[in-house]
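Throughout, a chain's letter reflects where its sequence line sits, starting with A, and its residues are numbered from 1.
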There are 2 protein chains.
Amino acid sequence: MKLKNFIAICVIVLWLAPAVAAQNRSLAERLGYPKDARLLIVHADDLGMAHSVNVATIKAFESGLVNSGSIMVPCPWFSEIAAYARTNPQADLGLHLTLTSEWTSFRWGPVTSKDRVSSLLDKNGYFHLLETDAASHADPKEVETEIRAQIERARAFGIQPTHLDSHMGTLYQSKALFEIFMRVAREYKLPVRVAREWGGRADYLDATLKADDVIIDRVLDINPGVAPNDWGQFYSDAIKKLEPGVTEVVIHLAYDDTEMRGATSDHPNWGAAWRQRDLEYFTSAAFRQLLQEQKIKLITWREVAKLLQK
Amino acid sequence: MKLKNFIAICVIVLWLAPAVAAQNRSLAERLGYPKDARLLIVHADDLGMAHSVNVATIKAFESGLVNSGSIMVPCPWFSEIAAYARTNPQADLGLHLTLTSEWTSFRWGPVTSKDRVSSLLDKNGYFHLLETDAASHADPKEVETEIRAQIERARAFGIQPTHLDSHMGTLYQSKALFEIFMRVAREYKLPVRVAREWGGRADYLDATLKADDVIIDRVLDINPGVAPNDWGQFYSDAIKKLEPGVTEVVIHLAYDDTEMRGATSDHPNWGAAWRQRDLEYFTSAAFRQLLQEQKIKLITWREVAKLLQK
């Protein structure tokens with residue numbers, strides 16, 4: 001081997017080494033924690049949707065036990081949560097990119113001019129009620145236009161998002177939509193809610209991910225099969241069993257009040273009482289004590305995002 | 001005079017006679033009441049704006065003491081009140097044509113695709129906060145596009161409006177806007193909130209009105225100068241002094257609850273407590289008794305509209 005070839009190979013190896021090492025190290029290690037650390041992001045979805053959601057989530061943030069959330073830019077109460085974000089720049093706030101409007105009495109539509117995103121609208125001019133309808137009707141170019149508009153509007157309102165996720169999972173419903181989601185997220189250097197251990201996830205999720213994408217280990221959420229009386233037990237059991245690595249527990253906070261009952265009256269799943277139960281558990285002394293006993297450390301998407309922004 | 005000229009004049013006189021007679025008769029007489037009848041429309045504004053507004057107004061309708069209202073089509077809770085309108089087709093519901101979005105934490109924008117009505121938008125893409133800003137920035141053609149879109153969306157949702165009025169009075173702010181308002185109203189054969197005895201009304205209102213337009217006698221509303229403790233006294237005094245003819249008392253109903261306090265937090269005038277006071281007075285036994293004692297008859301815009309639809 002000639003000397004110059006040897007030097008060239010050495011340069012390439014040295015250049016690639018950090019990237020290769022990064023891939024071999026767990027996300028916990030890359031964040032500066034031991035490999036066996038149990039790290040948790042306690043994340044409230046749907047900020048901006050309703051006043052009840054905003055005030056409940058802000059109260060939960062003040063407890064220190066809920067430490068992250070994501071905002072729905074097209075929703076009527078976006079201005080209220082944007083004002084909170086401006087006065088609390090340390091808050092770990094991402095964007096809950098929104099392509100559905102799921103409540104029948106209370107609706108919203110796109111940020112983009114409707115003529116330019118007509119495939120995203122139902123016959124009444126709002127976003128579709130269901131994520132499946134949204135995905136099956138969506139022109140991918142129009143989805144890209146709308147999610148970029150939501151990000152830009154958030155920035156125009158003074159929000160510096162720390163992460164992105166997708167309301168009702170619409171952007172995970174097809175390869176075309178997920179590719180757009182990841183492409184836009186990479187451009188903004190923002191991490192996305194994607195879990196290494198997502199059960200039964202579609203092949204196109206893995207096929208779309210690139211080596212440089214930052215993937216958390218798992219997402220934990222409750223489901224309609226859990227009886228209201230078993231709510232706390234479900235979460236406590238799940239937290240006790242938490243595996244090492246980065247877990248995001250996705251919750252939905254609001255008060256069981258007149259506004260939320262009105263919005264969710266025909267939709268008990270993720271409804272008003274559901275959200276009050278989430279609020280009560282995740283601001284409880286029992287949850288605080290469990291985190292201490294189990295030596296679970298709360299982290300934020302802001303820390304995860306730094307891996308992409310170096 | 002030749003016979004054929006005489007016959008022609010007779011035909012014209014007979015043809016004009018009912019119109020001339022109509023102009024000479026009071027609105028009360030045209031509606032079939034004695035000239036000295038005291039007729040009242042008890043009208044709630046802002047339906048569709050918030051859940052609290054919708055449920056308070058529906059409760060007031062059920063009392064029978066509030067008997068008319070108008071709907072804001074662009075607002076988030078429009079679908080809820082549209083469902084009420086479909087199941088209560090006898091309800092006297094008009095449209096509260098909307099070109100402003102006045103609460104800072106809780107916003108809405110046009111029904112029309114934003115690109116087509118950019119003069120109606122503030123820098124954040126919502127309607128302007130103030131009616132003066134809305135009017136000074138508005139391209140009249142875009143106003144016409146938007147108010148027609150609001151009427152057509154209401155009809156598409158199964159609402160058959162009985163009348164039109166203008167949220168925060170934006171459509172009375174200039175001759176150009178008022179001309180559009182009246183032209184569209186005439187086309188749909190719908191009466192508009194215009195009062196013969198409006199104090200200090202602009203010259204262009206009179207100049208725009210035509211002989212066939214149906215004008216009520218007066219509009220009564222409370223103003224921020226009335227102290228909360230004097231609320232009932234103000235209305236009771238005004239009702240006792242009611243002059244003969246058709247009066248519309250314009251009220252704003254909601255509960256003084258978390259949602260309304262959140263929406264109106266920086267805006268006590270027409271705020272949550274204001275609306276609860278209106279609700280309490282206009283559903284009270286005292287108001288019911290006063291109407292009986294004073295022999296005041298409640299009528300609706302539906303009756304007024306029939307004069308235009310013959």
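- To the nearest 0.5 Å, atoms OG1 (A:Thr112) and NZ (B:Lys114) are separated by 7.5 Å.
- If you tally non-hydrogen atom pairs under 4.5 Å between each of B:Ala263, B:Ser79, B:Ser113 and chain A, the highest count goes to B:Ser113.
- Proximity to chain A (any heavy atom under 4.5 Å) is shown, for B:Asn124, by both the backbone and the side chain.
- For B:Thr104, the part lying near chain A is the backbone, with the side chain staying farther off; criterion is any non-hydrogen pair under 4.5 Å.
- For a residue to count as touching a neighbouring chain, one of its non-hydrogen atoms must lie under 4.5 Å from one of that chain's; by this rule B:Ala82 does not touch chain A.
- Looking at B:Phe157, the atoms closer than 4.5 Å to chain A (heavy atoms on both sides) all sit in the side chain, from C-beta outward.
- With rounding to the nearest 0.5 angstrom, the CH2 atom of B:Trp103 is 14.0 Å from the CD atom of A:Glu80.
- With a threshold of 4.5 angstrom between heavy atoms, B:Arg153 approaches chain A through side-chain atoms but not through N, CA, C or O.
- The CH2 atom of B:Trp77 lies 4.5 Å from the OG atom of A:Ser105; values are rounded to the nearest 0.5 Å.
- Below 4.5 Å, heavy atoms of chain A meet no heavy atom from residues 86-97 of chain B.
- A distance of 6.0 Å separates NE2 of A:His51 from OG1 of B:Thr258, quoted to the nearest 0.5 Å.
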